[in-house]
There are 2 protein chains.
Amino acid sequence: MIKVLPIFSSVESQVDFSKYELQFKALADQKRLQIMYELTQKGSVCVCDLVDIVNMPQSKLSYHLKILLDANLITKETKGTWSYYELNHEEVNRLLSPELCCIFRKSENQSSGCCS
Amino acid sequence: MIKVLPIFSSVESQVDFSKYELQFKALADQKRLQIMYELTQKGSVCVCDLVDIVNMPQSKLSYHLKILLDANLITKETKGTWSYYELNHEEVNRLLSPELCCIFRKSENQSSGCCS
DNA sequence: GGATTAAATCAAATTATTTTGATTTAATTA
DNA sequence: TAATTAAATCAAAATAATTTGATTTAATCC
């Protein structure tokens, strides 16, 4: 039995960038960065409050929250009819430089590690 | 004279995210991440070679290179009719975590700082 | 100068993302 | 149970990003 190997016309990338594409897409929007920033400042926020904080119609906010959630940049906890969203610091730290993480860190916690 | 201050319906974001939006948009594409990866591996590459490396039509590659260049993620040097592109390591380091920067660093240089 | 090559630009077509307002789902309250 | 509230979903419209192939710009070579 002869195995026919696929022939590539050029060097193929060894790294799978699809996960990063998804995450950078989520970050690639000022509105979503602001949502992340507000979650940083306020900790855990429910959608009904976030609507006023970021001044967005509910369905629009829901759309953007979903994109951030799918990218694992925020987490969600449901309590009754309320949904509380929080920043996923672990994932943000995994992705962004200390300098940038800093933006998504409350001032009282900025002494730990980064934000020199 | 009475000064009328603008009234905001909610807390406004103190941070200007427009620069980050531009940079994350540039990163938010597998093709562009691959271009960055190849520039990492090969150092300085001219467009005519890169066309074969990433297997893209010239005008398409030119479009994506411009997006990366505008985001300051790569640099360009023109020699005669050739254009040589290089990764802007400084800016990539400023933006991404050590873990991610690692992807955009040649293996022989991975001992310095990150890539544990 | 004329031909050749590299790379940028352009306009049109295609594809993807975002916005909008209405509707649905589901939990809570009276 | 009916009314209310929170949040997700949906479909259509509006915007934005990408692809394509042709054209342009500009440097080099004969």
Side-chain angles (χ1 to χ4, degrees), chain A residues 9-10 13 17-36 38-39 42 44-87, chain B residues 9-10 13 17-36 38-39 42 44-87:
Chain A
S9 60
S10 65
S13 178
F17 289 115
S18 55
K19 190 196 166 193
Y20 298 123
E21 181 183 65
L22 185 79
Q23 295 195 304
F24 288 132
K25 262 192 182 131
L27 290 168
D29 184 290
Q30 286 196 65
K31 287 170 244 79
R32 291 194 287 267
L33 290 172
Q34 203 215 328
I35 290 170
M36 289 175 67
E38 297 298 342
L39 292 181
K42 306 235 158 41
S44 181
V45 187
C46 86
V47 177
C48 54
D49 292 334
L50 206 51
V51 155
D52 294 323
I53 292 168
V54 299
N55 195 32
M56 249 184 224
Q58 180 267 320
S59 72
K60 188 174 173 178
L61 178 56
S62 220
Y63 168 79
H64 287 295
L65 285 171
K66 185 166 167 35
I67 285 171
L68 289 170
L69 191 66
D70 289 347
N72 196 30
L73 294 171
I74 59 174
T75 58
K76 168 171 136 174
E77 199 187 348
T78 305
K79 285 180 188 168
T81 34
W82 286 272
S83 287
Y84 290 85
Y85 285 89
E86 242 183 294
L87 200 77
Chain B
S9 61
S10 66
S13 179
F17 289 114
S18 55
K19 189 195 167 195
Y20 298 122
E21 181 183 67
L22 185 80
Q23 295 194 305
F24 288 131
K25 263 195 179 127
L27 291 167
D29 184 291
Q30 286 195 64
K31 287 170 243 78
R32 289 194 289 267
L33 289 172
Q34 202 215 329
I35 290 170
M36 287 175 67
E38 297 299 342
L39 292 181
K42 306 235 157 42
S44 181
V45 187
C46 86
V47 177
C48 55
D49 291 336
L50 206 50
V51 155
D52 294 322
I53 292 170
V54 299
N55 196 32
M56 250 184 223
Q58 180 266 321
S59 73
K60 189 175 173 176
L61 178 57
S62 219
Y63 168 78
H64 287 295
L65 285 171
K66 186 167 166 34
I67 285 171
L68 289 170
L69 192 66
D70 290 347
N72 196 28
L73 294 170
I74 60 174
T75 57
K76 170 172 134 174
E77 201 188 349
T78 304
K79 286 180 188 166
T81 35
W82 287 272
S83 286
Y84 289 85
Y85 285 89
E86 241 184 295
L87 199 76

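Residue numbering restarts at 1 for every chain, and letters A, B, ... go by the order of the sequence lines.
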Could you list the protein-to-nucleotides 13-18 of chain C atom pairs, N/O on both sides, closer than 3.5 Å?
| from | atom 1 | to | atom 2 | distance (Å) |
| --- | --- | --- | --- | --- |
| C:dT17 | OP1 | A:K25 | NZ | 3.3 |
| C:dT18 | OP1 | A:R32 | NH1 | 3.4 |
| C:dT18 | OP1 | A:R32 | NH2 | 3.1 |
| C:dT18 | OP2 | A:Y63 | OH | 2.7 |

Pull out every protein N or O sitting under 3.5 Å from an N or O of nucleotides 24-29 of chain D, one pair per line with the distance.
none

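Phosphate contact (OP1/OP2 of C:dA8, side-chain N/O of B:K76, threshold under 4.0 Å): present.
Within 4.0 Å of B:Y85, counting heavy atoms only, lie sugar-phosphate atoms of the nucleic acid but no base atom. The residue B:T78 sits apart from the nucleic acid: no heavy atom pair falls under 4.0 Å.
In this structure, the side chains of A:R32 and A:I67 come closer than 4.5 Å at one or more pairs of heavy atoms. The closest side-chain heavy-atom distance from A:L73 to A:L87 is not below 4.5 Å. Two residues are said to be in side-chain contact when any heavy atoms from C-beta on lie closer than 4.5 Å; B:L65 and B:Y85 meet this criterion.
As a whole-Å value, the separation of B:M56 CE from C:dA8 C1' is 16 Å. Between B:E77 atom CD and C:dA8 atom P the separation is 14 Å, expressed in whole Å. Taking atom CD of B:Q30 as the reference point, atom P of D:dT18 lies 13 Å away to the nearest angstrom. Between the CD1 atom of B:I74 and the C1' atom of C:dA7 there is a distance of 13 Å, rounded to whole Å. Straight-line distance from the CG atom of B:L61 to the C1' atom of D:dT20: 14 Å, rounded to whole Å. One can place CG of A:L69 at 13 Å from C1' of D:dA7, the figure rounded to the nearest angstrom. Rounded to an integer number of Å, the gap from B:N55 CG to D:dT19 C1' is 15 Å. Between B:L65 atom CG and C:dT9 atom P there is a gap of 12 Å when expressed in whole angstrom units.
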Show the numbers, then the answer: is there a side-chain contact (heavy atoms from CB on, under 4.5 Å) between A:E86 and A:I74? CA-CA 5 Å; A:E86 242 183 294; A:I74 59 174; over 6 Å; no
Could you please spell out the steps behind the side-chain contact (heavy atoms from CB on, under 4.5 Å) verdict for B:L50 and B:L39? CA-CA 9 Å; B:L50 206 50; B:L39 292 181; 4.2 Å; yes
Full working for side-chain contact (heavy atoms from CB on, under 4.5 Å) between A:Q30 and B:S18: CA-CA 6 Å; A:Q30 286 196 65; B:S18 55; 3.6 Å; yes
A:Y84 vs A:V45, test: side-chain contact (heavy atoms from CB on, under 4.5 Å). Steps then yes/no. CA-CA 5 Å; A:Y84 290 85; A:V45 187; 5.9 Å; no
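Note that the CE atom of A:M36 and the CG atom of A:D29 stand 11.5 Å from one another [nearest 0.5 Å].
A donor N or O paired with an acceptor N or O is found under 3.5 Å between the base of D:dA8 and the side-chain atoms of A:Q58.
Listed candidates were D:dT9, C:dA8, C:dT20. Nearest to the side chain of B:S83 is C:dA8.
Partners of B:K66 under the salt bridge (Lys or Arg N to Asp or Glu O under 4.0 Å) rule, at least two apart in sequence or in another chain, are B:D70.
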